[in-house]
Every structure is written in C-alpha cells, then in structure tokens.
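To start, the structure under review is shown below, and the notes come after it.
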Amino acid sequence: MFKIVRREEMAGGTVILNEIEAPKIAGREKPGQFVLLKANEDGERVPLTMAETDPEKGTITIIYMVVGRTTALFKSLQVGDGFQDVIGPLGKATHIEKIGKVVCVGGGTGTAVLHPITRAMKEIGNHVITILGARNKDLLILEDLMRKVSDDFYITTDDGSYGRHGLVTDQLKDILDREDIKQVVAIGPVPMMKFVSLLTKKYNVPTLVSLNPIMVDGTGMCGCCRVTVGDKTRFACVDGPEFDGHQVDYDELMMRLQSYREEEKVSYDKHCRMNG
Amino acid sequence: MTTTKKNRKKPVPRQPMPEQKPEIRRRNFKEVPEGYTVELAQAEASRCLQCRKPGCVAGCPVGIDIPGFINLVTEGDFTGAIRNLWGKNAFPAVCGRVCPQEIQCEGKCIVGKKGDPVAIGNLERFCADYEREFGSGELPPTSSTTGKKVAVVGSGPSGLTVAGDLIVKGHDVTVFEAFHKPGGVLVYGIPEFRLPKSIVAQEVHFLERLGVKVECNAVVGRSVSVDDLFEEGYDAVYIGVGAGLPRFMNLPGENQIGILSANEYLTRANLMKAYKFPAVDTPIPIGKNVVVLGAGNVAMDSARTAMRLGADRVRIVYRRSREEMPARTAEIHHAAEEGIEFELLTNPVKYIGNDKGRLTGMVCLRMELGEPDDSGRRRPIPIEGSEFEIEADLCIVAVGSGANPLLTESTADIKLNRWGYIITDPKTGKTSKKGVWAGGDIVTGAATVILAMGAGRMAANSIHDYLTWGW
Ligand SMILES: Cc1cc2nc3c(=O)[nH]c(=O)nc-3n(C[C@H](O)[C@H](O)[C@H](O)COP(=O)(O)OP(=O)(O)OC[C@H]3O[C@@H](n4cnc5c(N)ncnc54)[C@H](O)[C@@H]3O)c2cc1C
Ligand SMILES: Cc1cc2nc3c(=O)[nH]c(=O)nc-3n(C[C@H](O)[C@H](O)[C@H](O)COP(=O)(O)OP(=O)(O)OC[C@H]3O[C@@H](n4cnc5c(N)ncnc54)[C@H](O)[C@@H]3O)c2cc1C
Ligand code: SF4
Ligand code: SF4
Ligand code: FES
C-alpha cells in the first residue's frame with residue numbers, strides 16, 4: 001500500500017492534495033512525468049502528474065480536481081489510508097533548457113502540473129513569466145508556490161474577482177506584443193491550451209502543452225491515449241504527455257475525452273448514492 | 001501392451017469434454033469447457049497406443065513425455081502424471097487449455113491419422129486440475145541457496161517459467177511486472193471464459209511459496225532501468241516483456257470513439273474486470289453492432305467477449321478465407337457456436353462516424369485470393385467496385401501486435417532486429433548485453449504460450465550455467 005502522509009483541500013474542497021509514500025518513484029521523477037493510481041481492488045487506473053517529490057522523505061505529491069467517481073473516491077481517503085497501486089514515473093520528462101524568456105501559463109489544476117516545470121525552467125536560469133488563470137478567485141490554486149518560482153507573475157480570472165478580468169490569452173497577448181519570448185508552456189483545460197497555441201502560432205513562439213487523454217496502462221500497450229499530433233497518431237503516455245502545441249488536434253482530444261460520458265455518470269451516481 | 005490390443009478390438013471414440021451450452025455461455029464469463037471427470041479422463045487415456053516413437057512428443061515444442069503421463073492417467077496415478085508433466089512444463093493447467101494442439105502434439109498423434117487424435121490437451125488439463133483440487137500442494141525440493149540474484153522482467157508465461165526454474169536451482173529471483181497483477185497475457189489478454197484468472201493466480205502463488213518475489217507496478221525502462229538492476233546487485237536479467245504494442249489499420253477515422261485496440265478492449269474486460277461495471281470502476285464500451293478486425297486468437301477472444309457483454313451482432317471481418325484464419329480451431333468453432341458471424345474475404349477501407357465523433361459503420365471491400373505470398377498463404381486482392389457499408393458502433397482492432405520499445409529504448413546495448421524485437425542466441429537466449437537474456441514474444445514476435453515457456457526454460461538453463469560456471 002502507498003500511504004497518504006499529508007492531505008490538503010484547496011479551492012473550496014474541489015481540489016485535493018495528497019502526499020504519498022512512494023520511495024521508488026520519488027527518487028526518479030523528473031518534471032512533466034506522471035503516475036497512475038488505483039485506490040483499491042476494483043478501482044480504475046487514473047493518471048495524475050507529480051506536482052512535487054521529496055526523494056529524502058520518499059514521497060510524491062499529487063494535486064487533483066474532483067471531477068468524477070475515481071477522483072471523488074480519492075478525495076475520501078484520509079491521512080493513514082493509502083492507494084493499492086501507484087505506478088511510475090511514466091511519460092517523457094519535459095525538455096528543460098536555458099533559452100531566455102519563457103512564459104508559463106496555467107489553468108485550473110494544470111497549475112499543479114506546471115509548477116515543477118516552472119521551477120526547473122527558473123533553476124536552469126531562464127527568465128520566467130507566469131500567468132495563472134481561473135474562473136474566479138476561490139478556484140485559484142498554488143498562487144504562493146508559483147509566485148516563488150517566477151520573475152514576473154500575473155493572474156487572470158474570468159469574472160474579475162482577482163487579478164486581471166479576462167482570459168490568460170489576453171495577458172499572454174500583451175506579453176508577446178512587448179517582449180521577446182522564446183518559449184511558452186501551457187497546461188490546463190484543453191480549450192485553454194488550444195487558444196494559447198492558436199495565439200502563439202501567430203507569433204511563431206514554440207509552445208509546449210501537456211495532454212490528458214484517457215489512459216489505461218500508461219506504458220504504450222493499449223492505444224487508449226492516442227492523440228493526433230501533426231497528422232500522426234501518437235500515444236500520449238509514452239510519446240508525451242507533452243507535445244508541440246501547434247501540431248495538436250485539440251478537437252479530436254476533446255471528443256475522445258467524451259468516450260465514456262454515459263458510463264462516468266453511472267459510476268459517479270453510484271458513488272454519490274453510496275456516500276450520501 | 002495389452003491395452004493396445006484391447007483398443008484395436010473395440011475402439012473408444014474421442015471423449016468430448018463437457019461444456020456449457022452455446023446459448024447459455026454466450027452471455028456469461030464462466031469457463032466454457034468444464035473439464036473431464038476421472039472416468040472420462042481414463043477412457044480418453046485408454047485411446048493412447050503408447051507408441052515407441054511417439055509423433056506427439058515431436059509435435060510438442062517442449063517435448064512433454066506424452067505417452068508417459070497418459071499411461072499414469074490410465075493407471076490412476078494422477079500425482080505421478082502431474083509430476084511427469086512438470087518435468088517439461090511448469091504450467092500444464094494453462095497449456096492444456098490454450099495450446100494450439102491441432103498443429104502441435106495432437107496434430108502429430110498417430111491415432112489422428114485415421115480418426116480423432118488422443119485429446120492430449122484435455123488430459124493435460126485434467127491432471128493439472130486434479131492436482132489443484134486434490135493434490136497435496138507439496139513443494140518440489142529446491143537446491144540450497146547460491147547467493148546469486150536474478151531479475152526477471154515481465155510476468156508472462158516465459159518470465160514465470162524462468163522464475164520457477166531458477167528458484168528451485170537455489171537462486172534468489174525477483175519478477176518485475178509493469179501491471180498491478182502478474183501473469184502477462186494470461187491475465188490481461190486471454191479471457192476468463194477460456195482461462196480462469198484464479199488458475200493463473202494460483203500458479204503465481206505457487207512460485208511465491210517457493211520463494212519467488214513478485215514486484216508489480218514496476219515498469220522497467222521507466223521506474224527502473226536494466227542497468228539499475230545490475231547496480232542493485234542482480235547478477236543476471238531475463239527480459240520477457242512480450243509483444244504488447246497494438247497495431248492499428250491506419251485507416252481514415254480510426255481515432256473516433258468506439259474504435260479500440262484488442263489490447264485495450266481485453267485489458268479493460270479481463271485485467272480491470274470491466275465486464276462487472278458499474279460494480280467495478282473501469283468502464284468498457286458495450287456495442288450493439290460489433291465488428292472485430294482480424295482472425296487470430298485475439299480476434300476470437302474479443303468477439304466472444306463482445307457477445308458476452310450483450311451485443312446483438314458480432315462480426316469478424318477478415319481479408320482472407322476460413323482456411324487462413326490463424327486462431328486455434330477450437331476457438332473458431334466455439335465462436336461460431338456462440339453466434340459470431342464471419343465476414344470473410346472482406347477488408348475495411350474507412351471508418352464512418354457521426355457528428356459526435358462516434359463510430360457508426362465502416363466501408364469495406366470484397367477480396368479474392370490470388371497467388372501465394374511470402375507467408376505461403378494466398379494473397380487477398382481487392383475486387384474493384386465491391387465497396388459496401390456495414391453498420392457498427394464498436395470496432396475492435398485485432399490485426400496483430402509489435403514490440404514495445406519502452407524497455408529496449410532505455411537499454412541501448414541490447415541489439416534489436418529491424419522490427420524492434422530482441423536478437424538472441426537461439427541456443428541459449430543470450431542477448432548482446434552481458435548478463436542479459438530474453439525470450440518469448442519480445443524475441444519471436446507474437447507467438448504462443450508454450451513457445452514463450454520453452455524459451456524461458458532454455459534461458460533459465462543458460463542463466464544457471466552462467467551463474468554457476470560463468471559462461
Ligand atoms: C498524463 C495526465 C496527467 C494528469 N494530471 C492531472 C493532475 O495533475 N491533476 C488533475 O486534476 N487531473 C489530471 N489529469 C486528469 C485526470 O486523470 C482525470 O481528471 C481523472 O482521470 C478523472 O477521473 P474520474 O473518475 O474522477 O472522472 P471521470 O468520471 O472519469 O470523468 C469526469 C469528467 O472528467 C473528464 N475526464 C475524464 N477523464 C479525463 C482525463 N483523463 N482528463 C481530463 N478530464 C477527464 C470527462 O470529460 C468527464 O466528463 C491528468 C491526466 C493525464 C492523462
Ligand atoms: C488475447 C490473446 C489470446 C491469446 N491466445 C493464445 C492461445 O490460445 N494459445 C497460445 O498459445 N497463445 C495465445 N496467445 C499468445 C500468448 O499469450 C503469448 O504468445 C504469450 O503470452 C507470450 O508470453 P510472454 O511471456 O513472452 O509475454 P506476455 O504474456 O506478453 O507477458 C509480458 C509481461 O511483461 C510485462 N511487461 C511489459 N513491458 C514491461 C516492462 N517494461 N517492465 C516490466 N514488465 C513489463 C507485461 O505487462 C506482461 O505482463 C494469445 C495472446 C493474446 C493477446
Ligand atoms: S504443452 Fe501444449 S503442445 Fe505440449 S503436449 Fe501439452 S498441449 Fe500439447
Ligand atoms: S502419438 Fe498418439 S497414440 Fe502415440 S503416444 Fe502419442 S498420444 Fe499416444
Ligand atoms: S495508456 Fe495505453 S497506450 Fe497509453
């Protein structure tokens with residue numbers, strides 16, 4: 001069993017942080033990699049990115065949004081409880097290099113995925129500009145951590161309850177207009193990554209996105225996670241999860257994320273009935 | 001040889017194994033053949049002529065002493081029979097169920113020249129099942145510990161064979177498995193109705209009782225590398241990671257919802273038990289009109305699973321004819337009995353979907369057979385203008401698999417052939433990297449359980465020599 005040693009709730013309980021004992025994974029993880037977790041015998045295998053690792057303590061930290069049956073089940077686990085299976089590190093690590101000015105754009109729980117990448121970008125000597133977006137102030141996560149690893153820092157909210165009133169792309173456009181940006185990293189909801197990529201394409205700025213298709217094994221043996229990138233089918237679990245944002249077929253990804261909509265509803269309703 | 005004479009006078013027909021009726025079993029996941037009773041097994045065993053130069057043994061890739069074990073069944077010494085089987089085959093309960101006997105042992109049985117061959121597979125299964133149910137569970141003797149450590153990567157039939165062989169020789173063996181459950185294709189691929197998962201679990205448990213350590217969730221190449229294993233103190237590494245890369249057709253529309261690789265479909269159904277959804281959390285698409293592409297064992301398993309999950313119609317679409325279908329005869333027969341339809345000499349050219357990106361059908365072409373190709377089978381040629389549409393809301397692609405580069409990419413000094421399979425010495429299973437052996441599907445490409453086990457046994461012998469003598 002992989003024991004939970006720390007648990008926090010964020011964004012009004014819609015986002016949960018778990019620090020988990022996984023010594024073998026903690027020592028090997030690189031920014032951008034993920035794990036698959038399964039809570040119990042009958043559980044589903046679900047991918048989550050490692051937001052943080054502590055090789056000395058032998059722990060990894062995941063931060064996830066509660067969106068359905070499995071994440072709701074994970075939410076019910078307390079300190080001292082554990083996951084039956086944690087598999088990883090999986091996926092390719094982010095290619096981090098010193099190139100100059102970099103913009104990191106995070107939306108929703110994508111910010112958790114973005115944090116280790118942002119930190120590595122900064123540590124290697126880049127000038128890091130961060131933009132975090134959320135629907136409203138209460139849904140914003142990891143503000144302090146992200147501020148710490150950024151040279152410039154911006155927040156946008158859809159309703160204007162905090163930071164700039166607008167979308168991350170509004171802020172990004174201003175920055176692209178006035179600065180020489182070498183790279184953009186955008187991680188968040190698929191539509192956000194799509195619109196960031198459309199924008200940066202106009203400015204010809206290389207853009208990295210992290211894709212989140214549905215996965216089963218995470219080792220390249222099922223093809224469930226297939227995405228179209230530059231007219232080629234790629235398996236996100238082994239070829240990604242990060243890809244050139246300008247090449248990704250986002251509409252197909254959004255469509256494929258709907259594969260199990262009916263089943264997810266059945267499963268979530270059952271969960272709610274059983275847990276009140 | 002008195003039995004022989006008696007048999008010649010009054011021939012006993014091949015004893016069929018009792019099985020669930022097609023109309024019942026097509027909607028449940030219980031095992032189809034129910035096994036021999038002692039009486040049936042002995043009646044069947046009595047059909048063996050105890051040949052001096054048995055063709056059957058030559059037909060078995062691991063050379064099981066078939067007349068020997070069958071004779072023990074005739075005598076009622078079932079413990080002796082299973083001991084005899086174990087001499088060549090660590091998992092007779094599995095092979096008895098899944099070997100393509102018709103082209104191996106039974107295909108070479110002399111009795112089969114004039115009538116039905118001796119049901120060697122059924123008898124093998126009987127001995128193993130009898131032992132499981134009534135045996136003492138006594139462990140075989142193991143040699144004293146050698147202090148040598150062996151890492152086995154992959155817990156399919158070949159890896160488990162290596163583990164079993166080396167543990168009894170006194171080595172310290174750890175199996176690393178990427179999935180959360182050991183067994184390889186035996187647990188994620190072959191369905192419950194053909195090979196109950198409890199049997200595989202029991203075989204693994206047996207190895208654990210012998211001292212084999214099984215470490216699941218260990219993706220070698222990601223969680224740990226082959227070089228790390230040597231650094232951690234392992235003296236030898238066996239790679240038996242199978243041929244798990246799914247092949248697709250690369251036709252337009254293939255990424256629509258409702259098109260799955262057989263690997264995904266079967267993994268959801270078997271390993272994740274999605275056929276019990278929503279009692280378990282992993283979903284599986286339920287098709288009304290299901291099309292399965294391909295005609296091997298994987299295709300039959302997919303089609304029969306789809307039928308069990310409640311499909312109205314399941315069609316196997318295959319570009320050659322029935323003679324060329326690579327699946328075991330028994331599987332094709334069972335599938336047909338369960339109402340699976342065969343759309344032969346047919347090749348899909350395009351998937352069709354609705355505005356939600358969900359599959360609604362496919363466009364296919366009729367084929368005819370031309371001259372034999374490299375594989376010796378007659379090449380299918382499209383008939384011009386023969387396009388037609390079939391309705392489908394679920395398509396399972398079972399057109400073969402390739403080598404997964406996950407491990408080999410991370411270990412540059414293991415030589416691969418041009419398809420990405422590991423090159424090994426055919427006599428020992430040694431790879432180009434010192435201290436590393438490989439076998440099973442990752443060397444041969446998708447093959448059979450018994451060949452994977454045979455490769456494991458050969459490598460285990462070589463590993464033992466290496467650990468003992470240094471060569
Ligand atoms: C490589 C990778 C890394 C990820 N990292 C994180 C992370 O750090 N934090 C985090 O909160 N989430 C992350 N995700 C997404 C996370 O895996 C899903 O939110 C989770 O699987 C949902 O499971 P569920 O059973 O709770 O919801 P379900 O009931 O399965 O789904 C509920 C709703 O969520 C959507 N959904 C389903 N699967 C996914 C998915 N894989 N991604 C996004 N939406 C989905 C569906 O549209 C559905 O309507 C990651 C996904 C991938 C592939
Ligand atoms: C659906 C299906 C039906 C079949 N039916 C039959 C049949 O009826 N009769 C027959 O003889 N054969 C059949 N076969 C073929 C047979 O199952 C295979 O030939 C055999 O299982 C190969 O054994 P293996 O040990 O080489 O590999 P596998 O059984 O493929 O096992 C490999 C194991 O290694 C693990 N692994 C992979 N990569 C890594 C890694 N990097 N680190 C750690 N672990 C890893 C995998 O998860 C897997 O558990 C069938 C195959 C399938 C898919
Ligand atoms: S192992 Fe397979 S081929 Fe050999 S005797 Fe048994 S069933 Fe026949
Ligand atoms: S060839 Fe047939 S009859 Fe002869 S020993 Fe083998 S099983 Fe018995
Ligand atoms: S999750 Fe199965 S191939 Fe990526």
Side-chain angles (χ1 to χ4, degrees), chain A residues 2 22 24-25 28 33 35-36 38-46 68-70 73 84-92 214-228 233 235 237-238 249 251-264 266-271, chain B residues 178-181 188-189 215-225 228 241-248 250 254-268 271-274 276-286 353 355-358 397 401-402 404-407 409:
Chain A
F2 298 78
K24 292 208 167 161
I25 301 171
R28 301 187 65 91
Q33 289 189 300
V35 286
L36 282 166
K38 179 165 153 294
N40 54 38
E41 190 57 33
D42 293 335
E44 196 178 0
R45 293 161 64 102
V46 153
R69 155 71 183 164
T70 299
L73 174 70
Q84 191 176 64
D85 301 290
V86 179
I87 304 118
L90 299 169
K92 289 210 159 83
I214 299 171
M215 294 185 175
V216 181
D217 61 298
T219 63
M221 65 76 69
C222 79
C224 175
C225 64
R226 59 197 196 274
V227 288
T228 301
T233 294
F235 291 179
C237 68
V238 283
D249 183 341
D251 296 338
E252 182 188 275
L253 174 61
M254 277 187 266
M255 172 196 93
R256 286 185 63 80
L257 279 169
Q258 302 293 311
S259 297
Y260 294 99
R261 215 185 41 223
E262 298 297 317
E263 290 87 349
E264 282 155 2
V266 169
S267 201
Y268 188 64
D269 289 349
K270 187 196 108 186
H271 176 89
Chain B
F179 268 128
H180 57 270
K181 262 205 186 80
Y188 78 70
E215 203 177 298
C216 289
N217 302 329
V219 186
V220 178
R222 287 277 202 265
S223 325
V224 63
S225 72
D228 293 336
V241 293
L245 195 75
R247 234 178 246 146
F248 285 91
N250 297 321
E254 199 153 40
N255 289 349
Q256 294 178 96
I257 301 174
I259 304 158
L260 283 76
S261 76
N263 275 1
E264 178 184 352
Y265 187 69
L266 292 172
T267 300
R268 285 179 181 274
L271 182 74
M272 305 312 293
K273 300 265 174 284
K276 297 181 184 164
F277 181 87
V280 303
D281 296 339
T282 305
I284 189 164
I286 309 289
D355 58 352
K356 299 244 162 48
R358 287 186 185 261
V397 186
S401 59
N404 189 332
L406 191 69
L407 179 145
E409 256 173 18

ask   = At a heavy-atom separation under 4.5 Å, does A:Y268 approach chain B through its side chain, its backbone, both, or neither?
value = neither
note = Under 4.5 Å to a heavy atom of chain B? For A:I214 that would be side chain
query = Looking only at heavy atoms, which two atoms of A:E44 and B:D281 are closest? And how far apart?
reply = OE1-O, 3.6 Å
ask   = So which part of B:A279 gets closer than 4.5 Å to some heavy atom of chain A, the side chain, the backbone, both or neither?
value = backbone
key: For the student: nearest non-hydrogen atoms of A:C222 and B:E264, plus distance   = O-CB, 3.6 Å
request  = To the nearest 0.5 Å, tell me how far A:I25 CD1 sits from B:R222 CZ.
outcome  = 13.5 Å
Euclidean distance, B:F179 CZ relative to A:D85 CG, rounded to 0.5 Å = 11.5 Å
ask   = Any idea which heavy atoms bring B:K181 and A:E41 closest together, and the distance?
value = NZ-OE2, 2.9 Å
request  = Would you mind checking which part of A:L36 comes under 4.5 Å of any heavy atom in chain B, side chain (CB onward), backbone (N, CA, C, O), both or neither?
outcome  = neither
message = Is B:T267 close to chain A through its backbone or its side chain, or both, or neither, when contacts mean heavy atoms under 4.5 Å?
response = side chain
task = Taking atom CD of A:Q258 as the centre, report whether more than 12 heavy atoms of other residues, nucleotides or ligands fall under 6.0 Å from it.
result = yes
task = Please report the shortest heavy-atom distance between B:A178 and A:I87, naming the atom on each side.
result = O-CG2, 4.1 Å
message = Looking only at side-chain N and O atoms, does A:T219 offer a donor or acceptor that is under 3.5 Å from a partner on B:N404?
response = no
Pair B:Y188-A:V216, side-chain contact (heavy atoms from CB on, under 4.5 Å): steps then yes or no = CA-CA 12 Å; B:Y188 78 70; A:V216 181; over 6 Å; no
query = Picking from B:A274, B:A262, B:G242, B:G244, which has the most non-hydrogen pairs under 4.5 angstrom with chain A?
reply = B:G244
key: Smallest separation among heavy atoms of B:P246 and A:G223, with atom names   = CG-N, 4.1 Å
key: From OH (A:Y260) to CD1 (B:I257), nearest 0.5 Å   = 9.5 Å
ask   = Should A:T228 and B:N255 be marked as a side-chain hydrogen bond (donor to acceptor under 3.5 Å, both in side chains) after you check the CA-CA gap, both sets of side-chain angles, and the distance that decides it?
value = CA-CA 8 Å; A:T228 301; B:N255 289 349; 3.1 Å; yes
query = Salt bridge between A:R28 and B:D228, side-chain N to carboxylate O under 4.0 Å?
reply = yes
query = Minimum heavy-atom separation for B:T282 to A:G43, with atom names?
reply = OG1-O, 3.9 Å
message = Quick check for you: among A:K270, A:K24, A:R226, A:E262, which has the greatest number of heavy-atom pairs under 4.5 Å with chain B?
response = A:R226
key: Side chain / backbone / both / neither for B:P405 at chain A, heavy atoms under 4.5 Å   = neither
query = Hey, what do you get for CG (B:L245) to CE (A:M221), rounding to the nearest 0.5 Å?
reply = 9.5 Å
Heavy-atom side-chain contact between B:R268 and A:C224 under 4.5 Å = yes
message = With side-chain contact (heavy atoms from CB on, under 4.5 Å) as the criterion, how do B:V219 and A:L90 come out once you've worked through the C-alpha distance, each side chain's angles and the decisive distance to 0.1 Å?
response = CA-CA 8 Å; B:V219 186; A:L90 299 169; 3.9 Å; yes
